[in-house]
Asks: 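One structure is given below, represented as structure tokens, and several questions about it will come after.
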Amino acid sequence: MNKNKITRRQAIKLVSTGLLLPVTSCHLMGGVLSKSTFSHGVASGDPDQSSVVIWTRVSHSEGPVNVDWSVATDPGFINVVQGGKFTTDSNRDHTVKVLVSSLEAGQEYFYQFKTKGALSPLGRTKTLPLGHLEQLVLAVVTCSNYAFGYFNVYDVIAKDPTVDMVVHLGDYIYEHGQDAYAGKTGKRIGRNHQPAHEIVSLDDYRKRHAQYKTDEGSLAMHARHPLIVIWDDHETANNPWMGGAGNHQSDEGNWLVRRTASLRAYYEWLPIRDPKNVIDQVNYWRHYKFGDLVSLITLESRHTGRSQQISYNKYLPLLNTKQQAQNFLHSVVGDPKRTMLSKPMEKFLSSELEESIAASRRWRIIGNQSVMAKSIDPKLDDDFFKLLKTQLTGKALEILEEHIHLGKLNLPADLDAWDGYPAARESFYQLAKDKGAKDLLVITGDSHSYWVNELYDNDGQSMGVELGATGLTSPRSIMSLGIEAMKRYDELNAANNKEIVWSDGRHRGFIKLKINHKIAHVDFITVSTVESQDYKTKVIHSVDIINSQGTLKYQ
Ligand SMILES: [Fe+2]
């Protein structure tokens with residue numbers, strides 16, 4: 001590792017362009033900051049108590065490249081604790097990923113890369129704490145679609161020094177081409193997806209990841225905070241299950257070839273640990289232990305254990321009465337053979353919940369892809385919706401008519417959510433109960449709406465609270481009916497469902513979760529727009545959750 005000094009002026013510029021952190025002395029690796037060499041920035045993530053992954057990519061390179069890396073306890077690199085060399089090449093799309101080990105628990109670190117005299121932006125990261133932890137602050141995000149808008153939410157989080165970690169609950173990228181989902185908005189605001197077509201091959205997925213990592217908010221957030229990330233569906237294709245996906249057609253080749261390509265690009269482009277064997281890439285679940293305060297256990301519910309989604313397109317035309325709908329819910333959707341999680345995933349969840357209870361950690365958070373609470377569509381039969389129906393045409397009318405139909409029949413809105421797998425949901429609850437964990441704080445992505453939900457098993461026993469994060473840029477589909485319709489739908493949905501306390505699909509934003517030993521304070525923070533970088537933030541809702549004798553209650 002080259003530890004040549006650079007000038008103080010160069011270092012101040014470097015730090016101010018990267019992280020706005022003070023610097024008093026400079027012992028950085030010699031070189032000049034080069035945004036063009038490292039145009040996808042730096043990132044870190046998947047931490048434990050003694051190690052963390054640091055990441056970058058060398059842009060515009062053909063052959064193999066040697067990259068120096070350095071980790072210090074201070075932004076001036078006076079106290080360098082680790083360093084080394086990493087050789088990357090086209091076989092891994094010139095990405096660089098280092099698992100830095102032998103670090104101190106609960107410690108802030110700074111890292112940087114260098115190749116051929118070019119320095120990367122400065123990154124800051126953190127390891128997980130051991131022992132007593134007073135407070136943890138998580139920024140929870142999901143559904144970041146480049147074509148729907150600027151990643152202003154990442155920018156907000158990058159500028160918030162109180163955040164310990166960012167948790168991304170999936171839909172980190174979207175697979176669609178420019179003429180599909182988000183395409184119209186992308187054209188209007190000049191954020192067209194690249195490549196222009198739906199991504200299918202390894203090269204396609206790599207290019208899409210590269211595009212997402214050029215957003216300014218994304219660059220700032222990844223440099224500033226460590227990332228904990230799970231995938232949902234769009235990292236591969238909409239609504240996948242073990243043997244295919246809603247958005248995978250036979251003319252797009254073999255599903256498993258596509259899935260493997262998407263996961264390979266994911267592991268190349270995200271700051272996460274690689275499994276020992278490539279075949280285990282799909283088995284992606286973790287338990288992050290934050291001292292004595294929080295267990296965060298993440299799920300894989302897309303590729304390893306999920307049965308095929310039940311399609312309303314196929315069944316809805318056959319359902320005309322509430323009784324027929326109930327029979328359908330019971331015998332088709334409720335088939336006990338329909339699974340969400342794989343056996344190895346369940347085994348991991350079971351042993352880690354047991355460990356968490358045994359360690360007396362105060363909170364058990366589940367990082368989850370799709371909405372878990374029971375949610376039956378409300379009846380949209382008041383004068384407002386009657387009038388609206390006469391005013392809408394095309395896709396918007398189709399969306400409204402489907403919701404009207406579902407509401408009439410008391411059916412769930414989304415069979416891709418846990419509502420489409422009620423037996424699997426009950427098994428999940430049973431597994432938690434068996435380990436004495438009825439205080440689950442489930443954090444959920446995917447739905448493009450905020451949620452505060454109470455969770456109950458089929459016997460009415462409380463299982464915890466679910467917090468849903470809205471889309472970072474992705475809108476809820478009902479928004480196409482207009483903001484007033486969305487507001488009424490949200491209100492009716494909460495009134496119609498025991499488990500839904502509050503929901504809001506009208507805003508784009510994130511959740512800030514501030515947790516101590518007494519309380520989890522939840523702020524739902526929105527951005528005023530994602531269609532320009534000139535935005536304002538607002539806390540539109542807050543709740544406090546208390547953990548009282550193994551039961552969660554919100555206030
Ligand atoms: Fe999404």
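Atoms within a ligand are numbered from 1 in the order they appear, just like the ligands themselves. Positions are given from 1, in the same order as the sequence printed here.
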Asks: I need the OH(Y174)-the Fe ion (ligand 1)-SG(C143) angle, rounded to 10 degrees.
Replies: 100°
Asks: Would a line drawn from the ring center of W269 to the ring center of Y172 be shorter than 6.0 Å?
Replies: no
Asks: Examine all N, O or S atoms of H448, backbone included, and report whether one is under 2.8 Å from the Fe ion (ligand 1).
Replies: yes
Asks: Could you check E268, R258, R264 and say which one makes a side-chain hydrogen bond (donor to acceptor under 3.5 Å, both in side chains) with Y205?
Replies: R258
Asks: Confirm or rule out an N/O/S atom of D232, from backbone or side chain, lying less than 2.8 Å from the Fe ion (ligand 1).
Replies: no
Asks: Taking the six-membered ring for Trp, are W55 and H222 closer than 6.0 Å centroid to centroid?
Replies: no
Asks: Would you mind naming the N, O or S atom of D171 nearest to the Fe ion (ligand 1)?
Replies: OD2
Asks: Are the side chains of Y146 and H193 in touch, meaning some heavy atoms are under 4.5 Å apart?
Replies: yes
Asks: Taking both backbone and side chain into account, is any N, O or S atom of S447 nearer than 2.8 Å to the Fe ion (ligand 1)?
Replies: no
Asks: Charged N to carboxylate O under 4.0 angstrom, K207 versus D203?
Replies: yes
